[in-house]
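Computed from a predicted model, the values in this text were never measured in an experiment. Throughout, protein chains are lettered first and strands after them, A, B, ... in sequence-line order, and every chain is numbered starting at 1.
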2 protein chains.
Amino acid sequence: MTVSFAQIKESTPFVFDQNCGTRVVLDHIMSKWGVLVLSCLSDGTHRWGALRREVDGISEKMLASTLRTLADDGLVHRESLPTVPPHVEYSLTPLGRDLMERMLPLMEWVADHADGMLERG
Amino acid sequence: MTVSFAQIKESTPFVFDQNCGTRVVLDHIMSKWGVLVLSCLSDGTHRWGALRREVDGISEKMLASTLRTLADDGLVHRESLPTVPPHVEYSLTPLGRDLMERMLPLMEWVADHADGMLERG
DNA sequence: CAGCATCCCGGGCGATACTG
DNA sequence: CAGTATCGCCCGGGATGCTG
């Protein structure tokens, strides 16, 4: 049985209040690009260029800023190999993998239901 | 065992491409206010005023537009009682409840880990 | 190859006022 | 009570160009 939203708020008072840290984390991981970058990395380590190609439509600026934010949050690990030309690899941290275990079922649901939802609108 | 992101994309070609419907649905349900309104409604039927008070910080404009979007998507049911003064109730549709079954574990994770993530940043 | 700096536009969103 | 209407600001984010 999954927890209810009321139970979450009961066990953690003031959670989801306007100035609570949850709002910041939600903004990061549920952001337009954050979701897609995290999902992509859930398949394993990716290089910068691979992410740029896989996350369809993302600009370099947003890829850089999204990766930095997620790395600061401790969800993404950045590994820069001291080669020429540069070679940088991104992967999920254990915390990030833990998160994606909860997020992927949601992504699967969206993939399954999106078209049906929109054709009626 | 949860599905991998690669498996999702394999079983549904072109899903999560830039012009795919999934991007629209993601924008709706993972939006700043959409997440919170849906979570609130997952606890049961709420009146307009109750939502306004419970979703801390939301403006009337954004509450109205968020509710309309989610209703158009078939996730939220709007019931207007013909009384004076007006009395309108919002609740999740079966589709909405199905979605929240996948989203609430994620919300619980965020509530549990948010503070720890931010104090290091 | 993997970024950062700069410029700039559109619209998301908040504030305020008004209505059935 | 449950909205709609209007105004205006801010900033997300795209485009372009430069660097180690």
Side-chain angles (χ1 to χ4, degrees), chain A residues 16-20 23-38 40-41 44-73 76-92, chain B residues 16-20 23-38 40-41 44-73 76-92:
Chain A
F16 298 118
D17 275 15
Q18 194 167 7
N19 293 327
C20 178
R23 293 288 181 99
V24 178
V25 173
L26 281 179
D27 275 355
H28 294 178
I29 68 175
M30 318 265 285
S31 71
K32 173 173 182 172
W33 299 117
V35 183
L36 297 170
V37 168
L38 285 169
C40 201
L41 289 178
T45 300
H46 281 70
R47 297 187 55 176
W48 163 277
L51 284 171
R52 178 117 174 68
R53 265 174 279 114
E54 273 230 39
V55 181
D56 191 31
I58 197 171
S59 67
E60 295 187 347
K61 174 179 176 177
M62 290 317 296
L63 179 55
S65 103
T66 301
L67 283 170
R68 197 168 342 106
T69 299
L70 295 176
D72 286 350
D73 289 343
V76 165
H77 173 69
R78 179 182 188 280
E79 176 128 31
S80 173
L81 287 74
T83 56
V84 176
H87 181 119
V88 185
E89 295 190 331
Y90 294 91
S91 56
L92 292 186
Chain B
F16 298 118
D17 275 16
Q18 193 167 8
N19 293 328
C20 178
R23 293 289 180 98
V24 178
V25 174
L26 281 178
D27 275 354
H28 294 178
I29 68 176
M30 318 266 285
S31 71
K32 171 172 183 172
W33 300 118
V35 183
L36 297 170
V37 168
L38 285 170
C40 201
L41 289 177
T45 301
H46 281 71
R47 296 185 56 175
W48 164 277
L51 284 171
R52 179 118 173 68
R53 263 174 281 113
E54 274 230 39
V55 181
D56 192 32
I58 196 171
S59 66
E60 295 187 347
K61 175 179 177 178
M62 288 318 295
L63 179 55
S65 104
T66 301
L67 283 170
R68 197 164 345 106
T69 299
L70 295 176
D72 286 349
D73 288 343
V76 165
H77 174 68
R78 179 183 187 278
E79 177 128 29
S80 173
L81 286 74
T83 57
V84 176
H87 182 118
V88 184
E89 296 190 327
Y90 293 92
S91 57
L92 292 186

Note to self: Using OP1 and OP2 only, check whether a side-chain N or O of B:R78 sits under 4.0 Å from D:dG3.
What the structure shows: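 Checking D:dG3 against B:R78, a side-chain N or O does come within under 4.0 Å of OP1 or OP2.
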
Next item on the list: Ignoring backbone atoms, test whether B:R68 places a side-chain nitrogen or oxygen under 4.0 Å from the OP1 or OP2 oxygen of D:dG3.
Entry: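 For D:dG3, OP1/OP2 do not have a side-chain N/O of B:R68 under 4.0 Å.
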
Roughly, in whole Å, what's the span from [atom1] in [X] to [atom2] in [N]?
X: A:M62; N: D:dT16; atom1: CE; atom2: P; value: 18 Å
X: A:Q18; N: C:dC13; atom1: CD; atom2: C1'; value: 13 Å
X: A:L67; N: C:dC4; atom1: CG; atom2: C1'; value: 14 Å
X: A:E89; N: C:dG3; atom1: CD; atom2: P; value: 12 Å
X: A:L63; N: C:dG3; atom1: CG; atom2: P; value: 8 Å
X: B:R53; N: D:dG3; atom1: CZ; atom2: P; value: 14 Å
X: B:K61; N: D:dC7; atom1: NZ; atom2: P; value: 12 Å
X: B:D27; N: D:dG12; atom1: CG; atom2: P; value: 15 Å

Next item on the list: Find which nucleotide of DNA chain D each of B:W48 and A:P86 is nearest to by heavy atoms, and output the residue with the more 5' nucleotide.
Entry: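 Residue closer to the 5' terminus by nearest nucleotide: B:W48.
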
Next item on the list: Assign each of A:E60 and B:A50 to its nearest nucleotide of DNA chain D by heavy atoms, then name whichever residue's nucleotide is nearer the 5' end.
Entry: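 By nearest-heavy-atom nucleotide position, the 5'-most residue is B:A50.
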
Next item on the list: Answer whether the closest heavy-atom distance between the side chains of A:V88 and A:L81 falls below 4.5 Å.
Entry: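 No - every pair of side-chain heavy atoms lies 4.5 Å or more apart.
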
Nearest-neighbour nucleotide for the [X] side chain, [options] considered:
X: A:Y90; options: C:dG3, C:dC1, D:dG3; result: C:dG3
X: A:W33; options: D:dG14, C:dG3, D:dG3; result: D:dG14
X: B:K32; options: C:dC4, D:dG3, C:dG14; result: C:dG14
X: B:P85; options: D:dA2, D:dC1, C:dC7; result: D:dC1
X: B:R47; options: D:dC1, D:dG20, C:dC4; result: D:dC1
X: B:V88; options: D:dA15, D:dA2, C:dG14; result: D:dA2

Checklist line | Separation between CZ of B:R23 and CG of A:D56, rounded to the nearest 0.5 Å | finding: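 Result: 6.0 Å between the selected atoms.
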
Check: Rounded to the nearest 0.5 Å, how far apart are OG1 of A:T66 and NZ of A:K32?
Finding: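 It comes to 10.5 Å.
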
Next item on the list: Report the C-alpha distance between A:I58 and A:L36 in whole Å, list the side-chain angles of each, state the deciding distance to 0.1 Å, and finish with yes or no for side chain to side chain contact (heavy atoms under 4.5 Å, CB included).
Entry: CA-CA 10 Å; A:I58 197 171; A:L36 297 170; over 6 Å; no

Next item on the list: Give the intermediate values and the outcome of side chain to side chain contact (heavy atoms under 4.5 Å, CB included) for residues B:D73 and B:V25.
Entry: CA-CA 8 Å; B:D73 288 343; B:V25 174; 5.7 Å; no

